[in-house]
There are 2 protein chains.
Amino acid sequence: MTDTGAPSASGRARITIREVASAAGVSVATASKALNERGRMMPETRQRVQDAARNLGFRPNAMAKALVHKRSFTLGLLTNDTYGRFTLPVAAGLSAAMADRGVSVFLCAIDDDPERARLNLEAMEDKQVDGLVMAGKRIDRALPIQFTALHMPLVHVNAACPEGGIGFVPDDEGGAHLATAHLVALGRRRIAHVTGPGGFAAVHLREAGWRRALAEASLAPPGEALLGEWSERFGYETGQRLFAAGGEQPDAVFCGNDQIARGLIDALTLQGLRVPEDVAVVGFDNWGLFAEATRPPLTSVDMEFKALGREAGLTLLDGIDGRTVAPGIRRRPCRLVVRRSCGGET
Amino acid sequence: MTDTGAPSASGRARITIREVASAAGVSVATASKALNERGRMMPETRQRVQDAARNLGFRPNAMAKALVHKRSFTLGLLTNDTYGRFTLPVAAGLSAAMADRGVSVFLCAIDDDPERARLNLEAMEDKQVDGLVMAGKRIDRALPIQFTALHMPLVHVNAACPEGGIGFVPDDEGGAHLATAHLVALGRRRIAHVTGPGGFAAVHLREAGWRRALAEASLAPPGEALLGEWSERFGYETGQRLFAAGGEQPDAVFCGNDQIARGLIDALTLQGLRVPEDVAVVGFDNWGLFAEATRPPLTSVDMEFKALGREAGLTLLDGIDGRTVAPGIRRRPCRLVVRRSCGGET
DNA sequence: CTGAAAGCGCTTACAG
DNA sequence: CTGAAAGCGCTTACAG
């Protein structure tokens, strides 16, 4: 341990291919070929070089490689989701899939600030990233970015995607259908829908999925979808209202997100209604924090953001490698995570 | 313009300094100096080069620069906090502060998996990052990483820090003191403490801060700190127990996190106690999701992770630039965010 | 089979 | 003041 302490790093400079070559008694060119399994050469020589590299702990300088290959094996992830609710799983899936392929991911947090977006975009261009993924908070809003003459492949995740672009979004309609059909299969007949504001495309897609599942079972919706906001408070208040009056009450509620579901369950509980016996409840998001904290634990639709991030990355690699990638939006299936709030399970 | 069309990106290759030089009618060397404000030269020449660069939209290739400077202007962020509760603000603060200085941050998500950690660490070395920040979930656990012969500066954030290392953590004791002293100042006299499991160092630090604030006000704790878990459920059950019996009840509760606080408030409300009139409640984390969803909204201690990320980055830059950085753990102040649950505010 | 040369895009002494 | 040369660490035709 030579610990110089002082400047930048500790210890001596990194091993270069030149040192490996001289240790193996070959030229740098030969060393390069040996290490990259390129061209033909005496197996013995190749082995000697590889041994030398291993002994010296040689790691090739990725920047030098990048310079000659014009390929940096890096990607940029731009996101305006500072909360991380959506982006974090996207980033995790992306980063994990890319790590296995030697690709590293730059994280650029742009809080809806166009100036910051521009700054980060320039940094990504300067750093010569091979591609970019733009991850957003909702499928009907683009990130605040000018894509004038972007010199690299690009994919959008959970965000609006410009004409001719490539996008990955969760299949909200399908997810809602999944949830509703599950309630139907459990014998529920009056399935209400309580959800977020009408300004969100996702709200209408989820409502459509709910309607389709009911229609397929020849059930009528017990009233219109109840649009409001994405909050516990709205779920709570709607729960109170919905079950206050006498008459025919819903025997299930499909909620547009987990927070609404949680508020609704609280309201039901306070009114002496039992979940799931009297009313089955399903949420959307599968946000562990909520889904597992409700009593009973909440059945919910998972949007599979991790898979979305992973697929976005792989698609980007396809584009980077020159394979043809069809433009358009890919809607990826959601997954229903069954817990106790919908009944029919332990 | 030989536009092969096929590989990697769309459109023509990027402008290089060579093209700028020839456009300005100077050598590449002169162009370089002109663009970097280096050496002396006729202002007229410098201007001509800079104009040419601007007109052509020249952006220097960061990898080429990195190669000669042995400085990549990149950092790696390794984290095992897949949930993102802690790491996300750290990442945001880090990334923002670094972006302003032309430094980009690689995100490496290692789910407590040593193999994945090693993989990412090697990628960071290959990519020649200038430094590394290790961000964790708790101050008393290190990330699953072997730091054998790491060739670069390193700082730890919200994680255990090895002997001689540099660490940034929130001042849990101080934060707890802040919260408790605030309750004291509002006239509360019987301030209980409900918190997480004893296995966490943070639990003991927060308890110590609570005790110190009480002692400073010559108040006795109304019983021992109540250790349990970091969950709403625990807060709820403890709230029931604590206020079920008659006798002298607390007039305030300082909770070890926001989830506990939320559960506790739910229990109090159900028992007909008013928050803050009967019992003032303060949480810890300032997790918007909870702090703003409780009724009333929750006063809470913010650990200022964004600032932590920022400072960690700046410190790393100091080390990279060869400035001396003292080893040791820096405890950074928390901030009390006052909402309605503690009373004394609108 | 192996190595010398040229080059990726940029910078930095060093001559002129 | 300006430019030719050498070099950062690696790879890739091209000779030998």
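Every chain is numbered from 1, with letters handed out A, B, ... down the list of sequences.
- Listed pair A/T16 / D/dC8 fails the phosphate criterion, with no side-chain N or O lying under 4.0 Å from OP1 or OP2.
- Each of B/K70 and B/V26 was matched to the nucleotide of DNA chain D holding its nearest heavy atom; the match closer to the 5' end belongs to B/V26.
- Taking atom P in both D/dC1 and C/dC10, the straight-line distance is 25 Å, to the nearest Å.
- For A/V28, the side-chain atoms get nearest to D/dT11 when compared with the rest of C/dT11, D/dT11, D/dC1.
- Within residues 49-69 of chain A, the residues that have a heavy atom under 4.0 Å from DNA chain C are, in order of number, A/L67, A/V68.
- Pairing analysis of DNA chain C (Watson-Crick: purine N1 to pyrimidine N3 plus N6-O4 or O6-N4; G-U wobble: N1-O2 and O6-N3; both under 3.5 Å) yields stems of 3 or more pairs at C:1-3 with D:14-16, C:5-12 with D:5-12, C:14-16 with D:1-3.
- One P atom belongs to D/dG9, the other to C/dT2, and the distance between them is 25 Å to the nearest Å.
- Using a 4.0 Å cut-off, some side-chain N or O of B/S32 falls inside it from OP1 or OP2 of C/dT11.
- Both B/K33 and A/A31 sit near DNA chain D, but only B/K33 has its closest nucleotide nearer the 5' end.
- Not a single donor-acceptor pair under 3.5 Å links the side chain of B/T45 to the backbone N or O of B/M41.
- Judged by a 6.0 Å distance limit and a 45° cone about the ring axis, B/R54 is not positioned over the six-membered ring of B/F58.
- For B/R18, a side-chain nitrogen or oxygen approaches OP1 or OP2 of C/dC8 to under 4.0 Å.
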Tabulate below the donor-acceptor pairs under 3.5 Å that side-chain atoms of residues 131-139 of chain B make, not counting sequence neighbours, or state none.
from	atom 1	to	atom 2	distance (Å)
B/K137	NZ	B/D112	OD2	3.3
B/R138	NE	B/D140	OD1	2.7
B/R138	NH2	B/D140	OD1	3.3
B/R138	NH2	B/D140	OD2	3.1
B/R138	NH2	B/G199	O	3.0

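- If you check C/dG3, C/dC1, D/dT2 against the side chain of A/A29, the one that comes closest is C/dG3.
- No side-chain donor-acceptor contact under 3.5 Å links A/Q128 and A/R71.
- Checking the phosphate oxygens (OP1, OP2) of D/dA4, no side-chain nitrogen or oxygen of B/S27 falls inside 4.0 Å.
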